[in-house]
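Naming convention: chains lettered A, B, ... in sequence-line order (proteins, then strands); numbering from 1 in each chain. These numbers come from the heavy atoms of this one structure, side chains and all, not from hydrogens, waters or symmetry mates.
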Amino acid sequence: MTAVQSPFAIGCGDFRVNYTQDMAIYKNVRVRRRVIFLVILFFLFPILAPEYYVSLATMAGIASIGAIGLNILTGFTGQISLGVGAFLGVGGYASALLTTRLGIPFWFALPLSGIFTAGIGALFGIPSLRLKGLYLAMATLAAQVIIYFLFNHWDALTGGTGGLVVQRPSLAGFSLDSEMSYYYLMLVILILTALFTLNLFRSRVGRALVAVRDRDLAAEVMGIDLFKYKIIAFAVSSFFIGVSGSLMGHYTLVITPENYGTQISIEYLAMILIGGLGSVMGSIYGAAFITLLPVVLRELMTAVREVFPNLESIFIGIKEIIFGGIIIIFLIYESEGLAKMWRNLKDYIKLWPFSY
Amino acid sequence: MDYFLQLTVSGFVLGSIYALVALGFVLIYKSSDAINFAQGEFLLIGTYVALTLVSAYHIPFLAAFILTLIFSAALGLLVERVVLRPFIGEPILSMIMATLGLSSLLGGIAHVFWGTDTQVFPQVFSENPLTLGKIMVSPVYVWSLVIVFVLLGVFSLFFKYSRMGIAMRSSADDQQAALSMGISVKKVFAVTWAIAAVVSSVGGVLLANINGVNSSLASIGLKVLPVAILGGLDSIPGAIIGGFIIGVLESLAGGYIDPLVGGGVKEVLPFVVLVLILMVKPYGLFGKREIERV
């Protein structure tokens, strides 16, 4: 190597000569530094930002946990699920019932509700052995409708349409009432989720799941037990979705059926599609995008209220149009989502100005 | 017993509308392997257009109805060209998401233009109920049945004898073979979407005459999924029979079980049926079993 090197140039080529390098989480030292820097930035964020932005970030973060969960199932294992909304609800209701009826502390109820949701998810995953693609989408949609019906009509357990009221958790006598404290709770769980998922797909199980996605019959011929791994995918995915539902429930403090409808399932699918299928970071980008979209639209609308005063009444309609339009545009023009766009941008900058 | 018959008859009418909407659904699946989650929104928009023509522009019902059909066909063509064509041969998830996005988009458009309040369709059919033996049937029901059966008959003939119908069947059977015989598969897809939009708006107008129009009409789009799966996703007779079965079941559940548990069973029962079918016979009553090879 010569001594003269542009500070902006990155060593030509990123060669990996053995499997250990290929499997590494941080492909090189620079990436590790960048990730650590970003994480520190996220920890400093609530100190620097106004409370309103912290609450938005908390919502986006909780949604990210659910989106990572869905991505494990749909993005990495290739099993389509239209039942995320219901599973979020299962997590939320389980946690609410455990804390209010049984008096179990939140810190145990959170993983327990995840485990319970994992059980329900695995149960609805059983048909996935025989069904795939479209038919599986139907089965999960049916799960969504049936569970949603139970939320609404099993009054004794779920409180019907009125829902359940829960409390913020407390830690060693300190209640997590403030936006900032709940943000930190969310951040820690999000980081754990992301780390777990990144590592899962470096392991034997994760590789098997990806093989199932790429071609299930071929995977079976190579000795992968399809049934076992599909159930694992459903269970792990539902676990995180349940945790996300529980966190969301204790954040909004009220658990009502309308938060768990089919529309929510579609929103979560949109998150992982817009973010990037089979990408952990993509799930986070997508969740942030979809969570912030209505907020940004609302702001825009307030800005133009003077000019178009009657926009308020059709806001929901406009939101739906933009939501649907964005899904279609992403699917047509960048089906690998924001994660791919970010990668393209990085590649562009890396090669600039001598890209070919 | 009278109650039972009454429920069965109204279930039959509801079922005939399901059959009609499911027909469009199955056609799309058969010809292009796409699932159309926006079927309900086609229905909604078609119905609102008919309503606007009749009540705001005072066009006679029959003329308005025909204009609506033309509009729906155009909408179907447009949607196929702009949204669906890029997804031919794409993974199933992209297709599902594209039509889900489409349903959100169309639903939003309906919301912006027509709001969410229930609007009553102007009286088209006479109000005096017909008495058949011991049960009363409103003329709307009879007309619905007649129209649905005529349409189903017309489509059967269309598929059997017309050039386009045969082309559609052949491209559903084997796209490559159809292409090599000089059939324009693109044209087939376009016509398929147009037909799907047309049949759903017919179903929508009939339903609107029975129940009024509001945005919840679009939920029919999800209801036809159990219908199509029960009959077999790629079977047209299956869609029709499935429609009747689900319609009658739903009506009976609404009459007998709903009062016991406080409502809502009507909405969920088709999906319970859906789960059962998927467990027992995933390809439905008349569906073609897919054989996969590595």
Side-chain angles (χ1 to χ4, degrees), chain A residues 74-75 78 80 82 124 126-127 130-139 141-146 148-150 152-153 155 160 215-218 220-221 262-263 265-267 269-270 272-274 277 313-333 335, chain B residues 29 33-35 37-38 41 82-83 86-87 90-116 215 219 222 225-226 228-229 233 261-265 267-279 282-283 290 292-294:
Chain A
T74 303
I80 302 167
L82 280 170
F124 277 99
I126 292 173
R130 289 184 72 190
L131 308 173
K132 58 168 88 174
L134 248 161
Y135 288 88
L136 184 63
M138 300 289 169
L141 181 68
Q144 162 77 46
V145 173
I146 293 168
Y148 184 70
F149 170 78
L150 291 179
N152 264 311
H153 288 91
D155 291 1
R215 194 82 174 93
D216 53 350
L217 290 182
E220 193 171 24
V221 171
T262 315
Q263 183 57 34
S265 298
I266 298 172
E267 273 181 22
L269 271 179
I272 63 168
L273 258 167
I274 289 175
L277 284 175
S313 56
I314 53 173
F315 175 66
I316 300 173
I318 292 178
K319 200 178 86 184
E320 281 174 42
I321 293 177
I322 291 178
F323 176 72
I326 283 178
I327 294 176
I328 293 170
I329 288 168
F330 260 97
L331 279 169
I332 294 179
Y333 293 105
S335 55
Chain B
Y29 181 75
D33 272 346
I35 274 286
F37 279 100
E41 277 70 19
V82 176
V83 179
F87 295 104
E90 289 283 306
I92 209 127
L93 177 64
S94 306
M95 193 79 96
I96 289 179
M97 267 326 276
T99 57
L100 281 174
L102 182 65
S103 96
S104 177
L105 186 78
L106 293 177
I109 289 174
H111 192 130
V112 167
F113 281 101
W114 290 285
T116 46
S215 54
S219 67
L222 287 185
L225 298 175
I229 296 271
L233 260 179
V261 296
V265 178
E267 308 299 318
V268 80
L269 186 80
F271 288 92
V272 176
V273 174
L274 171 59
V275 171
L276 292 178
I277 305 157
L278 286 177
M279 295 266 184
Y283 295 98
E290 268 172 58
E292 251 193 299
R293 296 187 178 83
V294 176

Is there a side-chain contact between [X] and [Y], using heavy atoms and a 4.5 Å cut-off?
X: A/M138; Y: B/I35; answer: yes
X: A/F315; Y: B/V112; answer: no
X: B/L93; Y: A/L277; answer: yes
X: B/L278; Y: A/P127; answer: no
X: B/L100; Y: A/I327; answer: no

Engaged part of [X] at the chain A interface, taking heavy atoms whose separation is under 4.5 Å:
X: B/F87; answer: side chain
X: B/I277; answer: neither
X: B/I96; answer: side chain
X: B/I109; answer: both
X: B/L102; answer: both

Q: Tell me, for A/A137 versus chain B, whether the close heavy atoms (under 4.5 Å) come from the side chain, the backbone, both or neither.
A: side chain
Q) Considering only heavy atoms, which portion of A/I326 lies under 4.5 Å from any heavy atom of chain B: side chain, backbone, both, or neither? A) neither
Q) For the side-chain contact (heavy atoms from CB on, under 4.5 Å) test, which of A/I274, A/I80, A/L273 pairs with B/M97? A) A/L273
Q. For the side-chain contact (heavy atoms from CB on, under 4.5 Å) test, which of B/L269, B/V272, B/V265 pairs with A/F149?
A. B/V265
**Q.** Spatial distance of atom CG (A/L331) from atom CE (B/M95) [nearest 0.5 Å]
**A.** 11.0 Å
**Q.** CZ-CG distance between B/F271 and A/L141, expressed to the nearest 0.5 angstrom
**A.**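 Output value for this atom pair is 5.0 Å.
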Q) A/I266, A/I329, A/T262: which one forms the most heavy-atom pairs within less than 4.5 Å of chain B? A) A/I266
**Q.** Shortest non-hydrogen contact between B/L274 and A/A142, atoms and distance
**A.**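 Distance-wise, the nearest heavy atoms are CD2-CB, 3.8 Å.
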Q: Mind listing the closest non-hydrogen atom pair of B/P86 and A/I332 along with its distance?
A: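 Minimum heavy-atom separation between B/P86 and A/I332: CG-CD1, 3.9 Å.
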Q) Would a distance-only check, ignoring hydrogens and angles, find a side-chain to backbone donor-acceptor pair under 3.5 Å from B/S104 to A/F323? A) no
Q.
Taking CD1 in A/I316 as the centre, count heavy atoms belonging to other residues, nucleotides or ligands within less than 6.0 Å. Is the count above 12?
A.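 Atom CD1 in A/I316 is not crowded, with 12 or fewer foreign heavy atoms closer than 6.0 Å.
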Q.
Apply side chain to side chain contact (heavy atoms under 4.5 Å, CB included) to residues A/Y148 and B/V268 and explain how you reach the verdict.
A. CA-CA 9 Å; A/Y148 184 70; B/V268 80; over 6 Å; no
